[in-house]
Amino acid sequence: MKGVDFQRMERKWQLRWGKAKIFGAKEGSKKKPYYVLEMFPYPSAAGLHMGHIRNYAMGDCIARYRRMRGFNVMYPMGYDAFGLPAENAAIKSKTHPKKYTEDAIAGIKRNQQALGLSYDWAREIATCYPEYYKWNQFFFLQFFKRGLAYKKLAPVNWCPRCKTVLANEQVEQGKCWRCESHVEIKNLEQWFLRITKYADRLLSGLSKIDWPENVKRMQKNWIGRSEGTRIDFKIKDSEKTLSVFTTRPDTLFGITFMVYAPEHPDVMDLVRGTRYEDKVKKFIRSVMLEERFERTSEESEKEGLFIGRHAIHPVTGDEIPIYIANFVLMEYGTGAIIAVPAHDQRDFMFAKKYGIPIKVVIQNPYRELDPDEMPRAYCDEGTMVNSGEFDGLSNTEAIEKITEHLESIGRGKATVEYKLRDWLISRQRYWGTPIPIVYCDKCGTVPVPERDLPVILPTNVRFTGRGNPLASMESYIKAKCPKCEGPARRETDTMDTFVDSSWYFLRYCSPKQKSSAFDRKAVKYWMPVDQYIGGVEHAVMHLMYARFFTMALHDMGMLGFDEPFQRLFNQGIVYKDGHKMSKSFGNVVTQLEISKKYGIDTARLFLLFVASPESQLEWSDKGVQGAFRFLNRAFKLVHENRGMMAKGKCRAAGVRDRILLSRLYAAVGTVSEQIEGFQFNLAISNIMELAGYLSAYAKSGKVNRPLFGEAVRVMIQLMSPFAPHVAEEMWEKAGGSGLVSASRWPAAGKPDKRAVAIEGLLSQLGSDIEHVLRIVRKKPKSMDLIVAPAWKYELFRALRRKARDSRDAGMVLKALMSENRFRPHGKEMSRLVPALLKNPDRIPALILTQHQEFSVIDEIRPGLESEHGCKVTVQVAEKSSSNKASHAAPGKPGIEVR
RNA sequence: GCGGGGGUACCCGAGCGGUCAAAGGGGCACGGCUAAGGACCGUGUGGCUUAGUGCCUUCCUGGGUUCGAAUCCCAGCCCCCGCACCA
């Protein structure tokens with residue numbers, strides 16, 4: 001595609017920005033600090049795709065805008081450099097993860113620099129270096145000291161042939177990604193962080209941060225707080241207690257069976273040596289192979305098995321059969337449930353399948369329930385029946401009463417449960433932060449002392465695809481116990497990479513700091529992050545973990561705040577051909593393709609323009625052309641009219657100038673608001689319109705040079721956060737001083753209503769003068785002059801009649817509003833409805849005169865106001881299509897109004 | 001299953017109670033410019049109409065609330081995304 005050679009400009013201005021050093025951020029300036037942060041990328045060999053660029057275009061736009069608004073902006077970039085793909089690459093192509101990662105970082109960084117993003121590169125970090133991960137280890141030790149890090153058994157995916165643990169991602173339809181053997185579930189001792197301790201604070205903290213509602217909701221659901229009752233059941237002929245959690249203690253008397261999660265540790269103890277043992281074992285194995293989502297799905301088959309044991313009902317003393325079943329999860333609650341088929345659908349289906357009795361304990365007030373005839377469980381409210389002393393209560397009352405009763409007999413307690421589970425951070429992988437723990441036969445689990453940090457991740461390892469390379473590396477494993485100095489073995493698990501990303505935003509504040517994870521003064525100055533931007537796919541995990549870390553560090557006295565991200569924005573995903581743009585679908589459009597063809601500003605502008613930033617975006621090569629054309633048009637506007645732009649004082653002379661100014665100010669105001677509100681697409685649309693108007697102005701007659709020059713320069717400033725390179729080039733041509741990027745954002749003036757009104761009028765008059773009539777209010781003091789097309793006369797008459805019928809005030813309002821193009825009166829007007837209905841005669845206080853009386857249009861002229869002795873506002877109703885027309889023809893000759 | 005988000009003209013997408021036949025862009029058509037094409041500029045782009053204009057039918061489907069619904073409510077259909085070892 002032909003057009004201006006933007007690529008040349010890109011290099012030129014990137015060099016100049018570098019020289020001018022305008023993007024570096026230093027603490028302690030008098031300006032207000034502003035911290036803009038994008039979620040740092042995982043450096044994959046695939047490089048950047050349009051999803052990344054969309055993210056960065058938004059961040060850069062905000063950073064540039066804030067800088068121009070006079071903030072001291074910190075806008076850093078770094079790399080989330082540990083992770084599985086690097087290790088997979090090592091297994092597949094014998095590249096060391098370090099090299100893979102460093103190459104990937106180099107590639108991505110080149111891309112980012114080519115994008116002209118205004119990062120402060122002096123703050124760059126990468127998490128895979130000891131200078132960084134040392135602090136992961138340090139934090140881990142702090143957590144450990146306070147009991148926030150602990151070890152327990154947890155299931156992992158295990159490939160029996162590769163003898164290795166598999167990530168969920170490496171499990172494809174229940175099979176190993178490399179050798180296709182069936183994946184098993186195995187329990188391993190693993191490290192956890194006690195995020196559940198913060199469940200309540202993670203929940204309540206949401207109310208004080210400016211985040212999208214949907215993300216807050218997702219976090220709330222993820223935490224999943226629910227109030228209920230823990231009930232303890234004795235088991236017949238056993239010392240064990242069966243504890244359950246339920247939100248429905250009111251159904252206590254309707255229990256007809258109990259269910260354990262198959263992996264519950266008590267299950268095997270209860271069947272050991274009985275005739276059920278073999279069957280139970282077999283069942284457990286088959287369930288373990290199912291995916292978790294399948295297991296809990298309501299449609300999927302409920303499978304269960306009686307284990308030959310009975311629990312004792314705490315109130316009635318009845319014996320209740322105990323089952324195990326696939327729909328009960330170990331992770332939630334206590335790993336066991338009470339089952340009340342009459343009032344829970346899953347229990348109902350299970351009971352029907354296995355012929356278990358159904359007992360109604362909550363009666364439907366509208367239609368009596370018959371346990372034999374019920375088509376499904378009754379889950380609504382009702383009156384207690386078959387429940388001993390609780391009969392007759394409403395079931396909602398019974399929840400409290402029964403819990404109290406259970407507490408009084410020592411068989412239960414009101415508790416709060418969370419869906420949130422502790423954060424499993426152990427990974428049986430090489431490419432991550434070593435967990436700083438050693439195991440000593442004498443002293444047990446011993447943390448590595450802080451002075452010995454970092455525990456360095458060795459580089460001379462072999463990647464076979466079998467097991468964690470660290471686990472078979474004797475030189476790494478062999479350690480000295482820090483306590484007794486005896487022989488000890490090092491922990492070979494590494495940390496989840498989400499640990500790295502849980503505090504990187506703190507590291508940016510003082511990236512070179514050696515003596516601590518971060519410099520407190522710098523953190524105090526910059527944090528919390530003012531604007532965080534990233535993909536919605538991180539709505540729960542990363543954002544939850546980072547909040548948890550911040551709260552924990554706050555409680556350790558290291559931070560003075562406990563929410564890391566004040567304002568959050570989630571951009572939508574970029575699609576192409578119906579799929580998320582990603583290498584695995586082969587639908588990636590790279591930066592290079594676009595920048596070669598159109599230049600980088602085009603790509604940035606397009607990504608921000610084509611859809612609202614939060615919605616998903618379908619990539620279209622065609623749409624890019626629109627952005628490209630616009631940049632060309634704008635550039636040409638400046639280039640071709642460069643002789644028309646003077647500097648110096650600009651004063652509006654005549655109505656065309658006033659209209660120009662008015663439009664300009666209005667555009668500055670709306671564009672600023674729209675940038676702040678993440679409505680980049682609308683902002684660009686407005687700039688396009690402004691550019692169209694300026695170009696029409698330049699063509700349509702006498703040009704007021706200082707004014708035009710000013711207007712063009714303001715337009716360039718508005719463009720510069722979106723298309724920074726082109727903007728610089730235009731700025732230079734238009735006589736701007738210095739760099740636009742370093743210029744001061746223009747002030748939004750008040751819109752000149754009168755000018756706008758006249759503009760509308762002129763375009764109206766241009767088409768036909770004689771069919772205009774005026775409407776004058778009766779009271780001379782507040783007379784408005786309203787110009788409206790003649791047809792409205794009839795309409796108003798009709799309305800007046802209607803209003804008298806006191807029915808259709810709405811129509812009157814609508815019509816009145818259509819007269820008032822510039823201030824939507826919708827709400828104010830609707831307040832008038834009752835008044836209008838009460839006194840319809842007040843509406844026609846507008847006197848309508850026909851066009852004959854409004855003989856000549858040039859009545860609108862200087863001095864009109866004094867002649868009438870009133871303030872004259874000119875307001876025009878026009879078809880919206882004449883909006884378009886109006887910027888095409890600003891000012892027909894012959895009518896000049898001041 | 002649990003949770004989040006959508007369905008707007010030929011296409012992509014704004015709009016989210018009244019100034020809405022619905023921004024902006026793409027595509028298409030016509031006109032201008034050109035030797036010609038591209039690029040560029042202008043106009044138009046639901047239907048029927050007018051000198052100006054007006055009327056009718058539209059925002060997934062079906063109901064409802066309202067003086068008034070693309071916008072709010074209910075039901076249905078369809079699509080997309082996340083779900084704890086990918087980051």
Side-chain angles (χ1 to χ4, degrees), chain A residues 1-3 39 41-42 44 80 83-85 156-157 165-171 214-215 217-218 220-222 224 292-300 327 331 346 419-421 423-429 496-498 501 535-542 544 572-573 575 578 580 606 609-612 614-618 620 622-627 629-630 632-633 636 679 681-682 684-686 688-689 695 699 767-768 770-771 789-791 807-814 816-827 829-830 833 837 877-881 883-885 888:
Chain A
M1 194 155 187
K2 244 167 98 180
M39 291 180 186
Y42 176 77
S44 103
D80 189 11
L84 188 60
V156 293
N157 301 308
V165 172
L166 298 177
N168 281 346
E169 199 191 47
Q170 296 170 317
V171 180
N214 61 333
V215 175
R217 213 168 352 205
M218 282 191 233
K220 260 181 210 158
N221 291 325
W222 190 258
R292 184 181 297 108
F293 310 129
E294 285 172 28
R295 264 178 71 179
T296 53
S297 154
E298 207 152 276
E299 292 101 59
S300 78
F327 66 92
E331 295 92 348
R346 278 175 312 187
K419 250 188 233 145
L420 184 71
R421 306 202 304 267
W423 175 13
L424 196 172
I425 60 159
S426 284
R427 297 293 122 98
Q428 294 70 39
R429 326 228 146 258
D496 180 1
T497 58
F498 274 123
S501 55
V536 70
E537 65 273 21
H538 293 290
V540 178
M541 298 176 63
H542 160 58
M544 189 78 83
I573 296 166
Y575 290 79
K580 186 171 167 172
F606 169 72
F609 168 62
V610 74
S612 62
E614 68 277 6
S615 63
Q616 55 172 349
L617 178 155
E618 173 73 29
S620 116
K622 277 184 183 161
V624 183
Q625 291 180 14
R629 278 189 202 148
F630 168 65
N632 275 291
R633 238 177 334 202
K636 272 176 62 184
Q679 296 176 301
N681 54 330
L682 303 183
I684 292 167
S685 162
N686 275 309
M688 284 176 169
E689 282 189 79
S695 124
K699 269 181 212 158
S767 57
D768 194 334
E770 51 185 339
H771 296 289
W791 61 267
R807 305 220 59 161
D808 215 350
M811 273 190 74
V812 179
L813 290 177
K814 194 171 176 182
L816 290 176
M817 263 181 292
S818 77
E819 296 304 320
N820 189 341
R821 179 182 155 207
F822 307 106
R823 180 174 295 183
H825 268 190
K827 274 167 197 148
M829 290 287 193
S830 66
V833 174
L837 290 175
E878 52 179 326
K879 278 197 72 173
S880 63
S881 62
N883 266 335
K884 266 187 208 161

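Hydrogens, waters and symmetry mates play no part in the numbers below; they use all other heavy atoms, side chains included.
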Look at the side chain of A/E537 and decide which nucleotide, out of B/rG82, B/rC85, B/rG5, has an atom nearest to it. B/rG82
Please identify each residue that fulfils salt bridge (Lys or Arg N to Asp or Glu O under 4.0 Å) with A/R429, with sequence neighbours left out. none
For a 4.5 angstrom cut-off between non-hydrogen side-chain atoms, does A/M218 reach A/V536? yes
Looking only at atom P, what distance separates B/rU43 and B/rC80, rounded to whole Å? 41 Å
Look through every strand shown and name the nucleotide pairing with B/rU71 as Watson-Crick or G-U wobble, where both distances are under 3.5 Å. none
Detail all sub-3.5 Å separations between protein N/O atoms and N/O atoms belonging to nucleotides 6-15 of chain B.
unit_1 : atom_1 : unit_2 : atom_2 : d
B/rA14 : OP1    : A/S612 : N      : 2.9
B/rA14 : OP1    : A/S612 : OG     : 2.4
B/rA14 : OP1    : A/S615 : OG     : 2.8

With 3.5 Å as the limit, what N/O pairs link the protein to nucleotides 27-31 of chain B?
unit_1 : atom_1 : unit_2 : atom_2 : d
B/rG27 : OP2    : A/R629 : NH1    : 3.2

Counting side-chain heavy atoms from C-beta on, which of B/rG4, B/rG24, B/rC40 comes nearest to A/K636? B/rC40
Going by purine N1 to pyrimidine N3 plus the second Watson-Crick contact, or the G-U wobble pair, all under 3.5 Å, which nucleotide sits opposite B/rG82? B/rC2
Using the side-chain heavy atoms of A/N214, tell me which of these nucleotides is nearest: B/rG5, B/rC85, B/rC40. B/rG5
What is the pairing partner of B/rA9, taking Watson-Crick or G-U wobble pairs with both distances under 3.5 Å in any strand? none
So, do A/M688 and A/F609 sit near enough that their side-chain heavy atoms are less than 4.5 Å apart? yes
Are A/D496 and A/W423 side-chain neighbours, meaning at least one heavy-atom pair lies under 4.5 Å? yes
Using the C1' atom as the point on both nucleotides, what is the distance between B/rU53 and B/rC40, in whole Å? 35 Å
Counting only side-chain heavy atoms from C-beta out, which of B/rC86, B/rC85, B/rG24 sits nearest to A/R427? B/rC85
Can you figure out which of B/rC85, B/rA84, B/rG4 approaches the side chain of A/V165 most closely? B/rC85
A/F498 vs A/H542 side-chain heavy atoms within contact, under 4.5 Å: yes
Per atom distances to the A/R633 side chain, the nearest of B/rC41, B/rA84, B/rC86 is B/rC41
Any donor and acceptor pair, going by atom type alone, linking the side chain of A/Q170 with main-chain N or O of A/A167 inside 3.5 Å? yes
Counting the atoms with a prime plus P, OP1 and OP2 as sugar-phosphate, which does A/M688 contact under 4.0 Å by heavy atoms, base, sugar-phosphate, or nothing? sugar-phosphate
In terms of side-chain heavy atoms of A/L424, which of B/rC40, B/rG3, B/rC85 is nearest? B/rC85
